[in-house]
Amino acid sequence: MRNTPEDRDISPAELDALWREPPYTLAGANELFPGNDIMTTGEEDPAPEQEVEPDPDSGSYWREKEAFSRGSTVSLAVGERFSSDVLLVFSGRRRSSAEPDSDLQEALRTRLRVVESNSQDVIQLFKDLSARLLSVHAEKDCFVITFKTVEEIWKFSTYLALGYVARCLENFLCDQAFWLDSARLSDVEICVTVDEEHLATLYLGLLLQEGSFFAKALSNSEPSEDEDLAYRKNDLVMVRDIGQDTMWEGTLLATGQHGLVPVHSMQPLPYPFYQWFLRKYPGSAAGSPAAKGQLDHPIVVGTCVAAEDHNPTGQDELQFSQGDLIEVVGFLFASLDMFIGKHISSGQTGFVQKIHVKPENIRPLNGQLVFLSEEEKATLSQFNPCAEQYYSGLLNKLSTTDISTVYRLDRLDKSDFAYVKNQPKQEQKPPVSARQSMISEKSDTPPYHSSPRPSVYASQSHLERDNEALSFTLDDTFKEMDEFEEDPPHFLDESSWEAEEAELYDPTLTLLNQDQFQESFRALYDLSYSFLDTTFSGFLEEELLQHLESVRESAKKNRMCWAHRRVCFLLGRLCAKKSKYSQARVYFEEALGVMVDGFADLLLLIALYTNLTAIYLKQRLTEKLHLTLEKASALLLCLPQHDFCSVDEFEVLKLVLRRAIVESDKHLEARACFLTVDLFLQLRKMEDALPFVERLQFLTISLSEEAERSIVPVDLNWMLCRLYHKKYLPYLTLAALSLDSGQDRTLHDAFQKIELFIKNSVRLNPQWREGTTLLPAQIVVYLQQALSIASQGDDMKTQRDLCLSLASVYQQHGALDKAVQCAQRAMQTGGHISEEEGFEASVLLAWLLVLTGEPEGASVTLRPLLQSLHETDSPTQRGVIYNLLALCLRKEGRVPEAARHFYCALQISRENGNKRNEALALANLGCLALSVGAPALAERFLRRSLRLFLELSESPTDGEHAQAFLWLGRSYRDRGMTQDVRVCYEMALLIAISAKNLHSQMVVAKALSRLYADLLLYGQCIIYYEHCVALSRELKDKRLEGEYLEILGSLYLSLNTEKSSRKSLDYTKQSLRISIDLGKREEESQTWLQVGRIYYLIQEDELADMYLQAAVKTALRVNDPHFAMNIYEEAGDVFYKGHRNRLSALPFFRDGSLPFARSIKDVQSEFRLLSKLTELLMNLEQYEEALQYAILAVQISTATGVRLKERVAFHRLATVYFSLQQFEMAENYYLKSLSLSPAVLEHSREARYFVKVYCRLGDLTLHKLKDAFDAVGYFQLALAAALEDQENLRALYVVYMKLAEIHANHMPDAELSQAYRDSAQALRKELAGDTDTTA
C-alpha cells in the first residue's frame, strides 16, 4: 500500500474531502496507482506504460476516458495494472499517549491467526460491513477486501467513517479477558486505515462499470447540434456510456430532456449516498439556486431589516416597509429563497423573501445544535424509549443466584472442578417474571415508539386505511404503543342525522370556524387520517364527502372563513386519498384562497402547502410549482418541532435534498435528512429510514470536525443500534451500541443496552444461548454503565442487583479479585436497605473469599451472619452458613471443627427435606475424609450422596453429581481398586454427556485419560483425549485443543508402529498449526522439532531436515538465546542419536549451534557440542577434522570448572591421536587423563577406568612402541587397579594373561609367567563355576 496514512482512524471530514475533491484527475490515476503496491490480481504488462500527466483542471474527471477502457480487475477502471483489492490495516494504540500498544497488537494478531484457520466468522463480519473478504494476513496486521458495486463501497465507507469498522474488529478480535480489565479498556483502542485515494478511485471505476450514474454539470452547455443536451452549470444529469470516447447520453433531471453531453463537462456526484438517493427516489430537480451573498453562514437565527417596501402579492406573505425589523421565526437557510418572519412592530407572521431583507442581528446556531433546535435534539437523542419497565425481569435474571439457598462443593485439589457449572434442564421453564426479560429471537419485542414524539401517532387501523404503501411488517420493524390519551371530542354525534338540517350543521361549522389552532384539530391533520374514526366516526367515506360538501356550501354562504378553509382541506385530503388529484388540487387551492391569517393555524397551513406541492409535482404543473415549493420548503425546514400531516411531505423533502446536493449545502442536507428520518420513523418505515440516519450521523460528525468541535450535536448510535438489530446485523449493532456516548441516558436506557447486547451476542455466539449461566465478558461494560447511572439515584436495590450481576460475571470468567470487590459493594449497598437485602451479597462475598484462598476473611464475614440467623426461622440459610464455614475450617486445617459444621449443615438439610443440600453436605464430608487419608470413610459418605443425586433428576445438578463420582473414584484409587475407579470416572462422564455440559465432560475425560495412561492402556487413553479435542473445538478453546493434540501425538508415537507414527504426525501438525496461530513461539519451535523427529522415525529424512530447520528459525525469533541454543542442539541430536544419516547432524552442530554457543558465551554447551562433533567425526573416520575439535574441547574444558569434563576431553583427544597412529601423543594424553582422576577412590567400581586405560597403554607400548619394559609397568598398574574391584574378575583375568604373555615372550621369566598363568587359571575356574551356578 503506497502513501500509507498515519496510524489513526479515517475521520468523516477526511473521507468527506476525498469524496468531494479527489486529489487527482482520472487522467493521472495510473500514475498514482501503478499496481505493484496492492496485491494486483490482473495481468501486468511487462512494458512500462507512458506516464499520463494530470489535467490541471481538478474538475475534469473524464477527459481521459480511454484510461478506464483497459481495465482488468475492474472493468473500465484505471488501466490494466489497477487492482480492486483494498488493504484494511488495523493497529492497537493507547488513547492517553497515542502510541502503539505492542501487547494489544500481538493479542490481536494471535486472535486473527486463530480465526484465519476458520474463516467463516471473519467472512460473516465483513459481509455485515458490506465488503468482500479476499484474504487475511495476520503477520501484516491487515485484511484484503474488495467491492463489486457502488452500493457496497458506499456502505463500507459510511461504516468506516462512523467508526463501526474499528469497533467491529475490536468486538471480534479482543478475547474475553480484555473486557474484564476496565483500566486498560478505557485507555486502548483499535484503529483502522485504508488507502483513501485508492478507495475513491475504485468508487469512480465502479461508477463507470455500472454504466449509468448521476453527475453535475461543470459549466453551461454550448449545443452545436440538435442532439446535444442543453444544460446549465450545476444542473443534475444522469449520464450513460454509449460507447463514444468523448460523448455520453445525458438526461436532465430538472426537465427530463435527453441528449448528448461532453464527457469532460460532467463531474460525478462525489458521495455514493447521492448516487443511491437519486436512483432510489427518481424525480425532477426543480427549483432555482438561492442567492447566498448576504449570509456568512448556511443557517442562522436572529433579526433582519427590510431593505425595501414590500406589499404582498402572494397569500400569507408579510407586509413591511423599508427599515422595519423582522425577527426570524425558527431558522433562516442561505440556500432557501424564503423564511418565516415576524414583524416586530405589528406582531404579524408571514413568509418573507430573502431578497427583500438584509441581515441585521443574525448569528449561527449554537455549536451543539448546528441544524437542530434544543427540543429536537432532546427528542432525537431519546428515540424509541420503551413504554414499560421492560428491564426489571432482565435484572432479576442477571442478579439471581442460589448462593443463599444451595450448599457449595469443596475442592480437593486442582484436578477438581474449578467452578461447578450445572447445565440447566432443557425442559424447565423459568418464572413468568424472568421469562418476560429473556432474550429470545422469537419472543415479542417491547412496545417501542416509532418517533421521538409519540403524541402524533395513531393506531395501526388508521394506517391501514391509508392507500399510501407503507413498507413495514411487524416482524422487521419496531412495534408501537400509543400512550393513553383521551379521544378528541366528536364534532358530530351519530344521532344528529335525525335532527333538523340547521342542527346538523351548526355544531360542525362552529367548531371548524375557530380562528386559532385547537388541540382537537390535530386529528384533522395527522398522518393517519384519524378524523375518520374520531371526528366523523359515524360516516362512510362517500357519505362524508357529501356531508363535507354541504358544510362547505354553508360556510361560504355564511362567510365562515376558517370553517371554509378547513372543510376544503378535508375534502382535498379525501380526494387525494382516492387519487383524485385534480379535484384535490381545486379544493386545496380554494382553501388557500380563503382570506384568513394562515399562521394562526400553522398545522393547517403546513398541510395545505405540502399537499398542494405534492400534487403539483405529480401533475407536473411546473408553472405553479416554484412559489408553492418555496413556501412549503420554508414551512418544513425553518420551523422547529415540525408535525407531519402527510406522507407527501417527503416529496418536498426530496426536492430540498436535491437542492442541497446541487449547492453542496451540508446544513440544508442535514436538516432534510433529519426531517426524512423523523417522517419515516413515524411511518415505521425503518428500512427506508436507515440510510438517512447513517447519512445524518455522518453529517453531524463531519460538520463538527470541520468546525473543530469535539462534541457532535446529537449522537445517533443509540438509534442506529436498534435499526441494525432489526435488520439482523449483530456486528453493526454491537459496534453502534459501544459507540453510543449519550450523556443523558437513563437507567431504563442502560438496561435496554444490556438487553440488546445479550440478544446480539447470542446471535453471534450460540453457546451463549438463553438458559445458560455463562455470559460474555463484554457485558461488564454495560453493567458498569448501568451501575454508574444507578449510583446517581436512590434506588439501592437496583445498585445491589447490578453489583451482584457484575460479581457473577467476574466469577464465571475467573476474575475473582474483581468479583470480590463487586460483592463487597453489593453487601454494603444491601446493608443500607435492610439486613435481609445484604445477606445474599454477604454469603456471595464469603464464597468468593473461599475461592481466592482467604478462608480467614470468609470466616469473619460468615460468623456474624450465623449469629443473626439463630434468632430467625431461616434453617436453609443457617445450613448454607454452616457449610461455608466448614469449607473455611478445612482450608485452615481445623478438620474436627470442619466435620462438626458439615454435620450441622447435613442435619439441617435433612430436617428441611432438602435432598440436594443433603447430597452436597455428604459429598463435602467425603471430600473431607479424602483430605485426611480416610478413603473407606469417604466412600460411605459419597455413596450416600450419589444415591440422593440420582433422585434429583429434575434439578440441574450434573456438575455436582459428576464431581461426587470423581471423588468416589479417588477413594478407590487410594486403595488400589483400579476397576472401580474406572467405573466411577466413566459414570461421571456419562452424566456430563447426558446433560450436555461441556466443561464437566472436559474435566472427567481428562481424568479418565490420565487413569488409562497410568495403567499403560494407551488405546483407551487415546479415545478420551480425542474426546477432549472435540470438546475444546466446540468450546473454541484453541489453547486446550493444542495441548491435547500434542499429547495425542506423543501417545500415538509411543505405540511404535508405522500407522501410529503417521497418526502421530497428523496430530502433531495440527498442534503446530495452533501454536503458530496463538503466537507461542517456544511451543511452536518445539512442535516443529517434534514433527522433524517423527519424519526421521518414518525414514523421510529430507522432510525431517526441513522441519528441524524450521524449528531452529522459529527459536531464533524467541528472545531467549539459551532456548534457541537448546533447539539447535536437539535438532542435531535427531540425526546424531539415530542409526542412519548421522552426517546430517554436522550442519546443525558445526555451522549452527557451535558458533551460536560461542556468541552467547555458553561454555557448557560449547564443550558438549565439541565433544559430539569429535565423536561424530571419529565414527565417520574423519580423524584429522575430529582432532581439531578434540583439541578445542580440551582447551574449553578447563573453563567449565568441572574436572570430570576435563578428564573426558583429554581421554577423547588421546583416542583421536591413537586413531591417527600418533602413539606417543596418545600415550601422553592418556596419562594426562589419568592424572586428572581423583586420588582417592570413593567406590571400588571407579577402579575400572584405571584398568581400562592402563591396559590400553600397555597394549600401545607393547605392540606399537615396542617397549616391553614400559608395557609391564602399565599392566602391573592395571593389575593393582583390577585388584581393587573384586566384582570385575574378567578384567583381572585379562591382566594376568597379558602379564603372563609378556614374561613368556617379550621379557622371558618362566617363573613369573607361570605364576601369572596359574592366577589366571584359578580365576578362570572361579568364573566357570559362577557361570555353572548361574546356569
Practice problem: Go through the steps to decide whether N760 and Y728 satisfy the test side chain to side chain donor-acceptor pair (under 3.5 Å), and finish with yes or no. | Solution: CA-CA 8 Å; N760 288 277; Y728 210 96; over 6 Å; no
Quiz item: Which of these passes ring pair (Phe, Tyr, Trp, His ring centres under 6.0 Å) with Y782: W179, F757, F751?
Solution: F757
Exercise. Could you tell me whether D643 and R522 have a side-chain N and a carboxylate O separated by less than 4.0 Å?
Key: yes
Exercise. Examine distances only and state if a side-chain atom of T733 and a backbone atom of L729 form a donor-acceptor pair shorter than 3.5 Å.
Key: yes
Quiz item: How long is the gap from CD on Q824 to OG1 on T861, to the nearest 0.5 Å?
Solution: 8.0 Å
Exercise. Take L723 and E694, measure what side chain to side chain contact (heavy atoms under 4.5 Å, CB included) needs, and give me the verdict at the end.
Key: CA-CA 10 Å; L723 297 175; E694 292 173 339; over 6 Å; no
Exercise. Run the numbers on M686 and R684 for side chain to side chain contact (heavy atoms under 4.5 Å, CB included), then give the verdict.
Key: CA-CA 5 Å; M686 304 303 169; R684 292 180 290 184; 4.2 Å; yes
Quiz prompt | Step-by-step side chain to side chain donor-acceptor pair (under 3.5 Å) determination, T676 to R695 | solution = CA-CA 11 Å; T676 303; R695 181 64 181 170; over 6 Å; no
Self-check item: Donor-acceptor pair, side chain of R167 and main chain of S738, under 3.5 angstrom
Solution: yes
Practice problem: Answer yes or no: is there a side-chain heavy-atom contact under 4.5 Å between L720 and Q697? | Solution: yes
Self-check item: Nearest non-hydrogen partners of L716 and V693, listed with the distance
Solution: CD1-O, 3.8 Å
Practice problem: State whether D175 and R111 are salt-bridged, where the test is any N-O pair (Lys NZ or Arg NE/NH1/NH2 against Asp/Glu carboxylate O) under 4.0 Å. | Solution: no
Quiz prompt | Any side-chain donor near an acceptor of the partner, Q799 and D795, under 3.5 Å | solution = no
Quiz item: How long is the span from the CG atom in L683 to the CG atom in D678, to the nearest 0.5 Å?
Solution: 9.5 Å
Quiz prompt | Atom pair CG/OG1 of L848 and T852 - distance to nearest 0.5 Å | solution = 7.0 Å
Quiz prompt | Under 3.5 Å: donor-acceptor pair, side chain of N917, backbone of T405 | solution = yes
Quiz item: So which heavy atom on L802 is nearest to which on A790, and how close?
Solution: CD1-CB, 4.0 Å
Practice problem: Could you tell me whether D101 and R94 make a salt bridge, using a distance below 4.0 angstrom between a side-chain N and a carboxylate O? | Solution: yes
Quiz prompt | D958 versus S1000, closest heavy-atom pair with distance | solution = OD2-OG, 4.2 Å
Exercise. With the side chain counted from C-beta on, respond yes when C174 and L185 share a heavy-atom pair under 4.5 Å apart, and no when they do not.
Key: no
Exercise. Answer yes or no: is there a donor N or O on one side and an acceptor on the other, between the side chain of D817 and the main chain of V820, under 3.5 Å?
Key: no
Practice problem: Specify the closest pair of heavy atoms between F839 and L865, including all atoms of both residues, with the distance to one decimal. | Solution: CD1-CD2, 4.0 Å
Quiz prompt | Charged N-O contact under 4.0 Å between E960 and R916 | solution = yes
Quiz item: Can you find a side-chain donor-acceptor pair between Y164 and D128 that sits under 3.5 Å?
Solution: no
Quiz item: For I190 and R93, what are the C-alpha separation, side-chain angles and deciding distance, and is it a side chain to side chain contact (heavy atoms under 4.5 Å, CB included)?
Solution: CA-CA 6 Å; I190 294 180; R93 72 176 183 186; over 6 Å; no
Quiz item: Which distance, rounded to the nearest 0.5 Å, do you find between the CZ of R722 and the CG of L737?
Solution: 9.5 Å
Exercise. Could you pull out all residues at least two apart from Y810 that satisfy side chain to side chain donor-acceptor pair (under 3.5 Å)?
Key: Q784
Quiz item: Does Q176 reach the main-chain N or O of A777 with its side chain, forming a donor-acceptor pair under 3.5 Å?
Solution: yes
Quiz item: Is I754 close to L398 at the side-chain level, that is, under 4.5 Å between some pair of heavy atoms?
Solution: yes
Quiz item: So, the side chain of S808 versus the backbone of L804: is there a donor-acceptor pair under 3.5 Å, distance only?
Solution: no
Quiz item: Under 4.5 Å between any side-chain heavy atoms of M796 and T829, yes or no?
Solution: yes
Quiz item: Just by modelled atom types, is the S186 backbone N or O under 3.5 Å from a matching donor or acceptor in the R95 side chain?
Solution: yes
Quiz item: Hey, is D801 close enough to K797 for a salt bridge, meaning N to O under 4.0 Å?
Solution: yes
Exercise. Please name the pair of heavy atoms, one in F680 and one in A689, separated by the smallest distance, quoted to 0.1 Å.
Key: CB-CB, 3.6 Å
Quiz item: If you take all heavy atoms of T746 and I789, which pair is closest and at what distance?
Solution: O-CD1, 3.9 Å
Exercise. Would you give the length of the straight line joining atom CG of L806 to atom CD1 of I779, rounded to the nearest 0.5 angstrom?
Key: 9.0 Å
Practice problem: For the residue pair Y731 and F172, categorise the inter-ring angle as parallel (less than 30°), tilted (30 to 60°) or perpendicular (more than 60°). | Solution: perpendicular
Self-check item: Close side-chain approach of E840 to T401, heavy-atom, < 4.5 Å
Solution: yes
Quiz item: Side-chain contact, heavy-atom cut-off 4.5 Å: L783 with L787?
Solution: no
Exercise. Indicate the ring-plane relationship of Y724 and Y159, choosing parallel, tilted or perpendicular according to the 30° and 60° boundaries.
Key: perpendicular
Practice problem: Would you check if V850 and R408 make a side-chain contact, meaning some heavy-atom pair closer than 4.5 Å? | Solution: no
Quiz item: Quick check: does any side chain N or O of R763 sit under 3.5 Å from a backbone N or O of H725, one acting as donor and the other as acceptor?
Solution: yes
Quiz prompt | Rounded distance [0.5 Å steps], CZ in F156 versus CZ in F126 | solution = 6.5 Å
Quiz item: How about C168 and L125: do any of their side-chain heavy atoms sit closer than 4.5 Å?
Solution: yes
Exercise. Decide side chain to side chain contact (heavy atoms under 4.5 Å, CB included) for L1035 and H999; before the verdict, give the C-alpha distance in whole Å, the side-chain angles of both, and the deciding distance to 0.1 Å.
Key: CA-CA 9 Å; L1035 290 169; H999 294 88; 4.1 Å; yes
